[in-house]
Amino acid sequence: MFIDTHCHLYDEYYSDMDMVIQNAVKNNVKRVIVNGCDMKSNKEVLELIKKYDIVYGALGFYPTELDGISDEELKWLDDNLDNSKIVAVGEIGLDYHYDETDREKQQYFFRKQLEIAKKHNLPVIVHSRDSIQDTYNILKDSSVKGVLHCYSGSLEMAREFIKIGYFLGVGGIITFKNAKNIINVINNIELEYILLETDSPYLAPEPYRGRTNEPAYIPIIASKIAALKGVSISEVERITTGTARGIFDFLK
Ligand code: NI
């Protein structure tokens, strides 16, 4: 069994969610962690985990979705994490890509959500874009563990994150032509620190690049990692699923 440790299966992107789930199962992807990013999507996550056996959830507020967010939303997060199918706080983090970014506000909500994760003894799923050093500094100060999703930093930083208890989420980007950086990371990091993810609906792997991604494509990513590592795809399946189970507390 494969696990898609990071995706956004929101209604607005998929016309037939039953089919998306069936396709995943058909392709041996039997656990899927759907991440929230704002109030609307967090509520969808709570519905999806009720509806589908294979779907587990992460709740959180994404760094570029903080408009109008206050401590009230943090209270809502705190109140909704005690659900046996919520396995993480995410997607949270820092994103300095856009000029108008309020970095202090992002850092405040990142730290607050880390505290909430800690209180509930949950791992975190972290987004970091053009902000790797600040992400590292904040995570280092916190004793929470988790995943750097869609890892895009250097090999040196990857090693530093691993030292403080983080794993690296790897997705469709490794199938792209210009994936030199992440391929260098994968070649030099043990398979035990790598998690599979699609980030659906974004970042579909080749040959589906540019189309709507779905959890069913996880084996394509696994097969690319297997080729890079010179191991079988079933070895990638066994190790990455074992790692995911060590981080996230799935019911079964
Ligand atoms: Ni994401």
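First listed ligand is number 1; within each ligand, the first listed atom is number 1. Throughout, residue positions are numbered sequentially from 1 according to the sequence presented.
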ring-ring contact (aromatic ring centres under 6.0 Å, His included) with Tyr108: which residues, sequence neighbours excluded?
none
Distance criterion under 2.8 Å: protein N/O/S atoms around the Ni ion (ligand 1)
4
So for atom CG, which belongs to Asn23, do other residues, nucleotides or ligands contribute more than 12 heavy atoms lying within a distance under 6.0 Å?
yes
Short N-O contact, Arg238 and Glu235, less than 4.0 angstrom
yes
For Lys75, is there an ion pair with Asp79 - N to carboxylate O distance below 4.0 angstrom?
yes
Check ion pair Glu160-Lys163 (N to O, under 4.0 angstrom)
yes
From the list Lys51, Lys43, Lys50, salt bridge (charged side-chain N to carboxylate O under 4.0 Å, His left out) partner of Glu47 resolves to Lys50
